[in-house]
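See structure below.
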Amino acid sequence: MTASRLRVLVVLPQPLLRYGVRSLIGQLNGVGEVVEAASEQEALRHCGQQLPGLIITDLMLPSGGTGLRVCRFVKERRPDVPVIVLSADAAPAAIAAALNAGADSFLLKSVSCDEVLEAVAATCSGRRAWVLGDAVPRTAEFSRLPGADLTNREQEVLSLLLKRRSNEEIAEELCLAQQTVKNYVSKVLQKLGFGSRRELFRSVESRVDRVPRPRARSTDFPETRPSSLAS
């Protein structure tokens with residue numbers, strides 16, 4: 001019996017880059033069909049017909065589109081479908097916007113082909129990959145943000161912070177003292193380069209339009225995910 005193979009959706013506006021990523025991803029074991037989309041509308045149409053097992057999308061798309069809305073659309077239906085944001089912008093606000101939309105990994109467009117393949121394999125095995133080229137050390141296991149690394153606890157705090165949770169709510173969910181949470185929030189904002197929660201929210205909202213979230217529906221998800229490179 002043949003194992004199911006991963007269906008990948010590549011959402012990039014530049015034809016040559018789209019072709020290059022499609023060819024590159026085809027080198028991974030377990031990858032089957034690779035579908036291309038040049039715009040948000042085209043990507044949403046593909047997702048509406050059949051959700052892929054992996055999405056690689058640009059942060060900014062033509063005609064005011066954004067890969068973040070594609071990410072939200074997919075995550076609302078199947079949170080376990082991995083989404084990788086590929087961007088030319090590694091500013092803290094861009095990364096925070098990707099986190100806020102539910103992206104699993106974030107890659108700067110200047111990273112190497114090997115880094116892309118490593119990040120895809122890591123993401124599909126359940127690990128986040130934040131690869132920003134020469135800006136920070138390369139990793140396939142831990143989240144990397146501009147300026148400094150966020151610890152696992154700081155990532156948890158940031159995730160809840162982006163959901164507009166108060167210090168009291170974060171403390172309750174993470175079983176921490178409110179003062180400890182306050183200290184974590186201050187550290188996270190400092191590492192991201194924001195002076196306050198309001199500044200962080202304003203930066204995120206300037207990049208991500210709020211869109212209605214449709215009802216979830218059931219979709220088959222491939223059991224086999226790429227974990228190694230083809231020889």
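All figures in this text were calculated on a predicted structure; none of them were measured in a lab.
Taking 4.5 Å as the limit, some side-chain heavy atom of Ile170 sits within range of a side-chain heavy atom of Val181. Considering only heavy atoms from C-beta on, Thr57 stays 4.5 Å or farther from Leu86 through its side chain. Residues Val8 and Ile55 form no side-chain contact, since every pair of their non-hydrogen atoms from C-beta on lies 4.5 Å or further apart. Side-chain contact between Val74 and Leu51: present, with at least one pair of heavy atoms (C-beta onward) separated by less than 4.5 Å. A heavy-atom distance below 4.5 Å is not found between the side chains of Arg22 and Val35. You'll find the side chain of Tyr184 reaches within 4.5 Å of the side chain of Leu176, heavy atoms only. Taking 4.5 Å as the limit, every side-chain heavy atom of Val11 sits out of range of all side-chain heavy atoms of Ile56. Using a 4.5 Å cut-off on side-chain heavy atoms (C-beta onward), Val116 and Leu24 make contact.
Nearest heavy atoms, Leu117 versus Gln27: CD1-OE1, 4.1 Å. Nearest approach of Pro52 to Val81, heavy atoms of both residues: O-CG1, 3.5 Å. Between Leu162 and Phe201, the shortest heavy-atom distance links the atoms CA-CE2, 4.5 Å. Considering every non-hydrogen atom in both Arg78 and Asp80, the closest pair reads NH2-OD2, 2.5 Å. Heavy-atom minimum distance, Pro13 versus Arg18: O-NH1, 3.4 Å. The heavy-atom pair separating Ala119 from Leu107 by the smallest distance is CB-CD2, 3.5 Å.
Within a 6.0 Å sphere centred on CD of Glu169, heavy atoms belonging to other residues, nucleotides or ligands number more than 12.
Residues passing the side-chain hydrogen bond (donor to acceptor under 3.5 Å, both in side chains) test with Arg197, sequence neighbours excluded: Asn167. Remark: Lys109 engages Asp58 in a salt bridge (charged side-chain N to carboxylate O under 4.0 Å, His left out) (not counting sequence neighbours). In terms of the salt bridge (charged side-chain N to carboxylate O under 4.0 Å, His left out) criterion, residue partners of Glu33 (sequence neighbours excluded) are, by chain and number, Arg7. The side chain to side chain contact (heavy atoms under 4.5 Å, CB included) search around Glu173 returns Leu160, Arg165, not counting sequence neighbours. Listed by chain and number, the residues in a side-chain hydrogen bond (donor to acceptor under 3.5 Å, both in side chains) with Lys75 are Asp104 (sequence neighbours excluded). Scanning for side-chain hydrogen bond (donor to acceptor under 3.5 Å, both in side chains) contacts around Ser105 gives Thr123, with sequence neighbours left out. Residues passing the side chain to side chain contact (heavy atoms under 4.5 Å, CB included) test with Ser23, sequence neighbours excluded: Tyr19. Partners of Gln179 according to the side-chain hydrogen bond (donor to acceptor under 3.5 Å, both in side chains) rule, which considers only residues two or more places apart in sequence or in another chain, are Asn183. Residues forming a side chain to side chain contact (heavy atoms under 4.5 Å, CB included) with Gln190 (at least two apart in sequence, or on another chain): none. In this structure Ala103 satisfies the side chain to side chain contact (heavy atoms under 4.5 Å, CB included) test together with Cys71, Val85, Ala98, sequence neighbours excluded.
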In residues 41-48, what donor-acceptor pairs under 3.5 Å come from side-chain atoms, sequence neighbours left out?
unit_1, atom_1, unit_2, atom_2, d
Glu42, OE1, Ala38, N, 2.9
His46, NE2, Glu36, O, 3.4

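Side-chain polar atoms of Ser196 and Glu199 form no donor-acceptor pair below 3.5 angstrom. Side-chain atoms of Arg127 and Ser125 include a donor-acceptor pair closer than 3.5 Å.
One N or O on the side chain of Arg5 and one on the backbone of Val31 form a donor-acceptor pair closer than 3.5 Å.
For the pair Arg69 and Phe73, the NZ or CZ position fails the cation-pi test of under 6.0 Å to the six-membered ring centre and within 45 degrees of the ring normal.
Sorted by first and then second residue, the salt bridge (Lys or Arg N to Asp or Glu O under 4.0 Å) pairs with a member in residues 23-32 form an empty list; sequence neighbours excluded.
Between Lys191 and Glu154, at least one side-chain nitrogen of the basic residue sits less than 4.0 Å from a carboxylate oxygen of the acidic one, meeting the salt-bridge criterion.
If you take CD on Glu40 and CG on Leu68, they are separated by 9.5 Å, rounding to the nearest 0.5 Å.
Tested against Val120, the residues Leu28, Val21, Leu6 include a single side chain to side chain contact (heavy atoms under 4.5 Å, CB included) partner, Leu28.
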